[in-house]
Protein chains: 2
Amino acid sequence: MKAEPVKNEDEPKDKRLKGGDAQKLTMAEVAKYVGVSAMTVSRAFRQDASVSEETRKRIMEAVDALGYVLDLSAGSLSSRRSGFIAALVPSINNSNFSDTARGITDALENTGLQLLLGYTDYSAEKEEKLIEAMLRRRPEGIILTGGSHTDRARRMLDKAGIPVVETWELPEEPINHVVGFSNSEAMSLLVRTLAGQGYRKFGYIGGTTARDTRGSQRRSGFLKTVEELGLGPGRAISFGVPPITMEQGGQAIVSLLERWPDTEVVLCVSDLSAFGAIMECKRRGMSVPGDIAIAGFGDYEISSICHPSITTINVDCYGIGRQAAARLLDALQGSGEATGDEITLTGYRVVLRGSTDRGAS
Amino acid sequence: MKAEPVKNEDEPKDKRLKGGDAQKLTMAEVAKYVGVSAMTVSRAFRQDASVSEETRKRIMEAVDALGYVLDLSAGSLSSRRSGFIAALVPSINNSNFSDTARGITDALENTGLQLLLGYTDYSAEKEEKLIEAMLRRRPEGIILTGGSHTDRARRMLDKAGIPVVETWELPEEPINHVVGFSNSEAMSLLVRTLAGQGYRKFGYIGGTTARDTRGSQRRSGFLKTVEELGLGPGRAISFGVPPITMEQGGQAIVSLLERWPDTEVVLCVSDLSAFGAIMECKRRGMSVPGDIAIAGFGDYEISSICHPSITTINVDCYGIGRQAAARLLDALQGSGEATGDEITLTGYRVVLRGSTDRGAS
DNA sequence: GGGCAAAGTGGTATCGATAACAATAAGGGA
DNA sequence: TCCCTTATTGTTATCGATACCACTTTGCCC
């Protein structure tokens, strides 16, 4: 089925070939054209290799004239370097993670490394499958989100013998490098800050916890801290499969207020749900923060723009990506030396805004 | 610098290798372990190949026991099929495009094809570079955003001899397949719809047009239609480099209203800028849609949730991705037959919401 | 029962580049 | 002037899988 028809090669058969040129141009042909060896052409493509400037120029002209494009899949086989870095994020449709992806991409620019991106949909099983799919491409390093993986995934990673960076969390048993922060402590800080402003009756909105480990860490940070502050048991609602949407945030706050009508402030697992919650409250004639204060997590663009603007935790999403990639690059440079701490803490900070402003109406 | 130290291989040197197993496990070794030929192992990994069920089972057990992971870079060299599909989007941090990316990913699931994703940052030069980088991996097909490419990019694509799908627009000179819609007509429809509601003085907010071709098409659709309806020259503001942010949307509407204070309705190049514009108006004490109506483009999640909800054009972003991938798969199946139209139109529709509701305060 | 098709398996060449080493030319110091 | 180092280029083997062809075995049809 895949085989070329043996005869009549003249027949076009695929109109895409209008560009002509059977396109099976190889390095050897470029070499012949220039009158050098294939090896020299190969060298011309790398900056470190020693080729006379004049030869390189002639080769590059030929490359241009013939329209030759280097074939990295062949190259990586013999050099045993794929030039790939794999990265898995829960979802690319979440701007926090797409910022991280962009950070990785930017950090990889001009390194000759290419990003292989995958989406796990917050599922460890899907992550396992993706890890296998990625490893089949023999990436030189891999960046994961979170520290919760299946056993088989851990085994595969271990066996692959490549540097691994876990991000966005502080796993209890890191595989290798970590670039992240404690979601639990970040949420705890937010609770304490708001408690410091006088709030006493705390509610929490998040997704069902099974899949989203960061979400469940935020929740437990919330519950623990409310308890510690002597503010009674936290009032937590689980609503929907992560990632919880704006709309679900709106639905969740309705449930929460039905159950605990006197709640003063509601913390949400993300800004998106917080925004949905705020809009739903306004739709129902409640004033935010007048009747109820609401805060989010993640400092999405929307939170500084909307009205009221949303109190949140700012996380350096982009920086997480950049630093994760940088860690990987360090490991690949293979100074071989201890690279110092294997855990890189990334910053976060409380951003107080209108949605929890006690002075406001 | 890259060279391995010749001696003392015993020294660990890279602590990642704690997992042991020099990890240079090859198919031949699996074969030896099972007592079959490498060829048979290779067949066991493919569903179509003929291997007895019993042999396959034994092989797979060995694969599991040894922790072998297939090496596709080697495989693709000999099979001359990379298993890659390349896709370039302007930005992954824009949910419209990340939806498209997800559509592609979903459509590719279980096809054995893997997505290579790149970001062009709305730059044709960067696109050209990325196209070259992608072609070095010998993708079996490529999906582009828009129809505006450098000459060299077109030449490379032509020469590559692989199916190309341009998306999100209707290029005047398509390279090959197209999956998209007319941004100009979509915007035109929105103008006509709002004119039908009685609006007369139309404003427009977009980015500087040089880079974002879809944006400039929307703008020209706007200007043309306002003119056609006899509503005088359109009042268009260019503000900032695409993609224009929420904040820039807010700044832009200020400029616009300064210059043309009696504007009745403002159309924005995207929902994000529309949202920013609305928030800025509210901040300045203007009522939307009471004092001014505002509409967006793209139907982002936020637009149905926020208050007022935003009138917009709903585009099937996810579907564009799915269909683009489907087109590519068709072409790869290589029925060789004419695949019918090479242009697939995707739907869009006006979604009227609160932000242009004449009845509202 | 002979022959023939189909299924299952193995052997060898090969994909297109790069690593490693060899070879040659050019330059520099004693 | 001669040897040695450096710069440049060529030759050959190889990376790890798959294509292709050959071969054996089994089963079935007339």
Side-chain angles (χ1 to χ4, degrees), chain A residues 1-6 22-59 63 66 68-84 112 135-138 140 160, chain B residues 1-6 22-59 63 66 68-84 112 135-138 140 160:
Chain A
M1 179 149 279
K2 278 297 146 197
E4 293 274 345
V6 183
Q23 148 259 3
K24 33 190 94 167
L25 199 51
T26 150
M27 201 171 251
E29 297 174 59
V30 176
K32 196 162 62 179
Y33 183 90
V34 181
V36 296
S37 75
M39 197 59 236
T40 302
V41 176
S42 172
R43 289 189 181 106
F45 271 100
R46 285 170 294 182
Q47 43 171 199
D48 59 315
S50 78
V51 190
S52 77
E53 215 33 69
E54 197 259 335
T55 307
R56 166 174 279 135
K57 182 160 152 276
R58 268 169 52 221
I59 290 175
V63 163
L66 297 175
Y68 171 72
V69 175
L70 195 57
D71 185 334
L72 289 180
S73 63
S76 61
L77 182 59
S78 56
S79 69
R80 326 189 44 36
R81 298 195 50 202
S82 67
F84 280 126
L135 290 182
R136 287 181 170 189
R137 300 291 182 176
R138 298 290 187 271
E140 301 180 32
Chain B
M1 183 149 277
K2 282 292 146 196
E4 294 272 344
V6 183
Q23 146 259 5
K24 33 190 94 169
L25 199 50
T26 151
M27 200 172 253
E29 298 175 58
V30 176
K32 196 161 61 177
Y33 183 89
V34 181
V36 295
S37 75
M39 199 57 239
T40 302
V41 175
S42 172
R43 289 190 181 104
F45 271 99
R46 285 170 294 181
Q47 44 171 198
D48 60 313
S50 78
V51 192
S52 77
E53 216 30 72
E54 199 258 333
T55 309
R56 167 176 277 136
K57 185 161 150 275
R58 269 170 48 222
I59 290 174
V63 164
L66 298 174
Y68 172 72
V69 175
L70 195 57
D71 185 334
L72 289 180
S73 63
S76 61
L77 181 59
S78 55
S79 69
R80 322 183 55 32
R81 298 195 49 202
S82 67
F84 281 125
L135 290 181
R136 288 182 169 190
R137 300 291 183 177
R138 297 290 186 270
E140 300 181 31

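We name chains A, B, ... by the order of the sequence lines, and we start the count at 1 in each one.
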Using whole Å, what does the distance between atom P of nucleotide dT9(D) and atom CZ of Phe45(A) come to? 16 Å
Relative to the 5' end of DNA chain C, which residue comes earlier, Ser79(B) or Ser76(A), by the nucleotide with the nearest heavy atom? Ser79(B)
What integer distance in Å separates Leu77(A):CG from dT14(C):P? 17 Å
On DNA chain D, compare the nucleotides closest to Glu54(A) and Ser78(A); which residue's is nearer the 5' end? Glu54(A)
Under 4.0 angstrom, heavy atoms only, what part of the nucleic acid is Val36(B) near: base, sugar-phosphate, or nothing? sugar-phosphate
Distance, rounded to the nearest Å, where Arg136(B) contributes CZ and dG16(C) contributes P: 17 Å
salt_bridge(Arg56(A), Glu53(A)) N-O dist < 4.0 Å: yes
For the residue pair Ser82(A) and Glu140(A), establish whether any side-chain heavy-atom pair is separated by less than 4.5 Å. yes
When you check the phosphate oxygens OP1 and OP2 of dA19(D), does a side-chain N or O of Arg81(B) lie under 4.0 Å from one of them? no
dT8(D) P sits how many Å from Arg56(A) CZ, rounded? 10 Å
Nearest-Å distance for atom pair CE/P, residues Met27(A) and dA19(C): 11 Å
Look at the side-chain N and O atoms of Arg80(A) and state whether any lies under 4.0 Å from the OP1 or OP2 oxygen of dG16(D). yes
What I want to check is whether an N or O donor and acceptor connect the side chain of Arg43(B) with the base of dG10(C) at under 3.5 Å. yes
Cation over ring face, Arg58(B) and Tyr33(B), 6.0 Å, 45°: no
Given dA17(C), dC20(D), dA17(D), which nucleotide is nearest the side-chain atoms of Leu70(B)? dA17(D)
What is the separation between atom CZ on Arg46(B) and atom P on dT9(C), rounded to the nearest whole Å? 14 Å
Does dG11(C) have OP1 or OP2 sitting under 4.0 Å from an N or O in the side chain of Ser37(B)? no
Ignoring backbone atoms, test whether Thr55(A) places a side-chain nitrogen or oxygen under 4.0 Å from the OP1 or OP2 oxygen of dT9(D). yes
Taking NZ, NE, NH1 and NH2 as the nitrogens, is one of them in Arg138(A) or Asp71(B) under 4.0 Å from a carboxylate oxygen of the other? yes
Closest listed nucleotide, where the reference is the side chain of Ser52(B) and the choices are dT9(C), dG10(D), dG16(C): dT9(C)
Specify the separation, in whole Å, of atom CE of Met39(B) and atom P of dA7(C). 17 Å
Could you tell me how far apart Glu53(A) (CD) and dA7(D) (P) are, to the nearest whole angstrom? 14 Å
With side chains defined as the heavy atoms from C-beta onward, is the minimum distance between Phe45(B) and Met27(B) less than 4.5 Å? yes
With a 4.0 Å cut-off on heavy atoms, is Thr26(B) in touch with a base, just the backbone sugar-phosphate, or nothing at all? sugar-phosphate
